[in-house]
Structure formats: C-alpha cells, structure tokens
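Read the structure below first, then the notes.
Note that the structure is predicted; figures quoted are calculated from it, not measured.
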Amino acid sequence: MSAETLSENSLAGDFWSGVRLSMPVVVASAPFAVLFGALAVDNGFSVLEAFLMSALVFGGASQMVGIQLFGQHVAPWLIVLSIFAVNFRHVLYSAGIGRRIAHWPVVCQALGYFILTDPQYAVAEARAQSGQTVGFAWYLGLGLPVYVFWVIESALGAVFGKLIPDTHALGIDFLLPIYFLGLVMGFRKRPLWLPVVVASACASIIAYKTVGSPWHVSIGAIAGVLLAVILPPHHSGVGERP
Amino acid sequence: MSTTFWIIIAGAIATYLTRIGGHLVISRFDNIHPRVEAGLNAVPAAVLTTLVAPELLNAGPAEWAALVVTAVVSLRGGLMSMFLAGTAVLIIARQFVG
C-alpha cells in the first residue's frame with residue numbers, strides 16, 4: 001500500500017462525507033428548482049433557457065427575481081442588475097471563505113467560488129470553525145450533488161410547466177410573491193429589518209403608481225438601503241457583532 | 001443569439017463576480033465602513049420587499065389570505081413550510097373567490 005493510494009482513499013472518503021452533508025440541501029432545494037423551471041416557462045423562457053440559467057447562474061432567489069422581471073418586460077440591464085443585487089450577499093461569503101480555501105490550486109478555488117451558495121458557505125464555514133480543514137474533495141462532495149440536481153430538476157420543471165393548463169387556478173402566477181415574502185421574513189432577525197422593509201415597501205408602491213414598473217424595484221431598493229446607510233451605525237448593530 | 005440568452009450570460013457573470021469578488025476585493029481591506037456594511041446588510045430585504053409590495057395593489061382576498069398566512073407561518077417554520085402553507089391557502093381560496 002503506497003502513500004498515494006492511502007491519500008486517494010482519504011480523498012474519496014472526504015468527498016463522500018461531503019456528499020452525505022449535501023443531501024438535506026438537495027432535498028430542500030428540489031421543489032424550488034422544479035418551481036423555477038415551471039415559472040420560467042410561464043414567464044416566457046424556453047426549456048433550454050431555463051436549463052441554461054440554472055446551470056450558469058446557480059442561485060435560486062436571483063433566478064426567480066430574474067424571470068419575474070423578465071415576465072414584466074423590464075429592461076435587460078435592469079434584470080442583470082437585479083440578479084447582481086440579489087446575489088450581492090455572496091461578496092460577504094466570498095470574503096469569509098477565502099482564507100479557508102487559500103491552500104487550494106487556483107483552478108480549484110475558481111470552481112469552488114462558482115458553487116458558493118448560501119448552504120455551501122454555511123456548512124463549509126461551520127466545518128472550518130470546528131477546526132477541520134476545508135479540503136477541495138470534501139467541498140466538491142458538498143456542492144456537486146446540489147448543482148447537478150438543481151440543473152436537472154429545473155429542466156424537468158420547465159418541461160412539466162409547459163403542460164400545466166390553468167396556471168391561475170393552481171396559483172402559479174402568485175407563487176413568486178409568496179416565495180419572496182418568505183425570503184423577506186427570513187431576514188427579519190437582521191438589524192433595521194422592519195424600517196428597511198417599510199421604507200422599501202412604501203417607496204416601491206409610490207414609484208409603481210407614479211414612475212411605473214420596472215423602476216419601482218430600483219427606487220424601492222435604494223430607499224431601503226439609503227435608510228440603513230443614513231441611520232447612525234449603532235442602530236444597525238454593525239459595531240456590536242462578535 | 002436572443003436577448004434572453006444574453007441576459008442569462010450577463011446574469012451568470014454578475015453572479016460569479018459576487019462569488020469571487022468578495023475574496024478578491026473586500027479581503028484586501030481590513031475594515032469596511034460601518035455605514036457601507038449597514039447598507040450591504042439591508043440589500044436583500046430592500047430588494048425583495050419591492051418584489052412583493054406592489055403586488056398588494058392588485059391582490060384580492062385570496063392573495064391577501066395567502067400572504068398573511070405565509071407571514072404568520074414564517075414566525076415559526078422554515079422557508080419550505082411557509083411557502084407550502086401560503087400556496088395551499090392561495091389555491092383553496094381561489095376556488096371560492098376566483
């Protein structure tokens with residue numbers, strides 16, 4: 001038994017222990033992947049386009065935002081900007097995880113950042129904080145199944161979405177607002193959450209009535225972010241974090 | 001190539017920039033200004049709220065019921081349970097009020 005086979009065995013072991021941890025994420029994201037595919041088709045995407053978006057963007061909430069705006073015929077640059085805005089939180093994950101994976105080859109790092117989703121960050125950061133090394137094989141085992149299932153299920157959802165006859169009775173046209181409300185509520189523990197939500201809601205409704213869609217998205221978002229910037233930092237709890 | 005295709009490509013590049021950019025840019029600074037950090041923290045709630053709020057203008061009883069139930073369930077459950085609860089209420093309510 002050479003040292004090489006030993007290390008190959010341990011790499012495979014690392015990979016599979018990552019795969020085991022990925023399973024809850026695969027299960028939890030499955031309905032959203034299928035839903036994304038169905039909604040993408042409902043908003044004017046082809047099956048191939050739905051598949052491509054899942055394969056290339058690989059970010060659930062931002063994909064939902066993208067197709068919602070696409071369905072409203074929002075200007076393309078504003079759709080891309082919105083995808084960027086919804087995904088902007090990854091900047092913080094990226095800054096955080098960088099020191100954990102700095103020992104990987106550059107190509108592996110580049111791939112690692114591509115699959116850096118919310119659960120990927122959370123699970124990898126938890127492993128690092130428990131004192132274990134975040135190896136590439138383990139990280140790939142954690143992320144790859146989520147990616148593969150996400151892409152396949154999106155395509156399946158798009159194929160089946162074409163077969164749904166009455167989207168109104170099934171509520172398909174209103175599923176995204178429900179989903180986004182769920183996401184908004186998920187951030188409710190953040191400092192300034194309620195003032196930001198109220199400011200964004202009021203500004204977006206006023207803008208929707210006056211300037212019109214799609215500008216209500218940018219105007220409402222800027223109102224909420226500006227409020228957080230303008231209020232004294234101690235209100236936002238930024239300085240108090242450990 | 002269609003517009004949709006370019007939206008997807010640009011969206012993918014924008015997303016990858018957020019995933020690698022934090023490491024490339026922010027890690028070079030020791031500190032982020034607290035006000036910038038407060039603004040960044042507010043981005044998700046601010047953007048997502050604008051996608052829900054205007055829908056309230058056109059919402060009927062079925063849609064309101066679904067959103068209220070979603071919000072209430074969210075106080076206890078996870079994303080999946082609140083989404084399923086809101087969807088169930090929407091579908092059932094629409095059978096009665098269309």
Distance check, rounded to the nearest 0.5 Å: A:Phe84 atom CZ versus B:Ile13 atom CD1?
12.5 Å
Please look at A:Ala61 and chain B and tell me whether the side chain, the backbone, both or neither of the residue comes under 4.5 angstrom of a heavy atom of that chain.
neither
Taken to the nearest 0.5 Å, the spacing of A:Asn87 CG from B:Leu17 CG works out to 11.0 Å
Can you establish whether the number of heavy atoms outside A:Phe51 located under 6.0 Å from its atom CZ is more than 12?
no
Heavy-atom distance under 4.5 Å to chain A: side chain of B:Leu57, backbone, both or neither?
side chain
What closest approach, in Å, do B:Ala42 and A:Gly224 show between heavy atoms, and which atom pair accounts for it?
CB-O, 4.2 Å
Between B:Ser2 and A:Glu49, is there a side-chain heavy-atom distance shorter than 4.5 Å?
yes
Going from CZ on A:Phe45 to CZ on B:Phe5, what distance comes out if it is rounded to the nearest 0.5 angstrom?
12.0 Å
Please classify the contact of A:Tyr179 with chain B as side chain, backbone, both or neither, using a heavy-atom distance under 4.5 Å.
both
Considering only heavy atoms and a distance below 4.5 Å, find which of A:Arg188, A:Gln68, A:Gln109, A:Met53 pairs most often with chain B.
A:Arg188
Rounded to the nearest 0.5 angstrom, the CG-CZ distance for A:Leu231 and B:Arg35 is 8.5 Å
Find the distance between CD1 (B:Ile7) and CD1 (A:Ile79) and round it off to the nearest 0.5 Å.
4.0 Å
Kindly say whether A:Phe114 contributes a backbone atom to a donor-acceptor pair with the side chain of B:Arg19 at under 3.5 angstrom?
yes
Identify which of A:Leu175, A:Val86, A:Val65 forms the greatest number of heavy-atom pairs closer than 4.5 Å to chain B.
A:Leu175
A:Tyr93 versus chain B, the contacting section by heavy-atom distance below 4.5 Å
neither
First locate atom CG of B:Leu67, then atom CD1 of A:Ile178, and finally report the distance between them rounded to the nearest 0.5 Å.
6.0 Å
Bottom line for A:Leu35: the part with an atom under 4.5 Å from chain B's heavy atoms is side chain
Would you check if A:Arg99 and B:His23 make a side-chain contact, meaning some heavy-atom pair closer than 4.5 Å?
no
Between A:Ile219 and B:Thr50, is any pair of side-chain heavy atoms under 4.5 Å apart?
no
Of all heavy-atom pairs linking B:Ala45 and A:Val196, the shortest is CB-CG1, 4.3 Å
Just so I understand: if I count every heavy-atom pair under 4.5 Å between each of A:Gly182, A:Gly220, A:Gly98 and chain B, which residue has the most?
A:Gly182
Where the side chain of B:Thr18 meets the backbone of A:Phe88, is there a donor-acceptor pair that is under 3.5 Å apart?
no
Quick one: which of A:Ala110, A:Gly186, A:Ala203, A:Ala199 has the most heavy-atom pairs under 4.5 Å with chain B, could you say?
A:Ala110
Structural part of A:Phe187 lying under 4.5 Å from a heavy atom of chain B
side chain
Structural part of A:Pro76 lying under 4.5 Å from a heavy atom of chain B:
both
Interface check, chain A: of B:Val73, B:Ile9, B:Val52, most non-hydrogen pairs under 4.5 Å belong to B:Val52
Less than 4.5 Å to any heavy atom of chain A: does that hold for the side chain of B:Tyr16, its backbone, both, or neither?
side chain
Highest number of heavy-atom pairs under 4.5 Å with chain A among B:Thr4, B:Leu56, B:Ile91 belongs to B:Thr4
Out of A:Val197, A:Ile83, A:Ile222, return the one with the most heavy atom pairs under 4.5 angstrom to chain B.
A:Val197
Shortest non-hydrogen separation from A:Ser204 to B:Pro54 and the atoms involved
OG-CD, 3.9 Å
Is it the side chain or the backbone of B:Leu75 that comes within 4.5 Å of chain A heavy atoms, both, or neither?
both
Within the 4.5 Å heavy-atom criterion, are A:Phe180 and B:Glu55 side-chain neighbours or not?
no
Of the backbone (N, CA, C, O) and the side chain (C-beta and beyond), which part of A:Phe58 lies under 4.5 Å from a heavy atom of chain B, both, or neither?
both
From the list B:Ala53, B:Ala59, B:Ala66, the residue making the most non-hydrogen contacts under 4.5 Å with chain A is B:Ala53
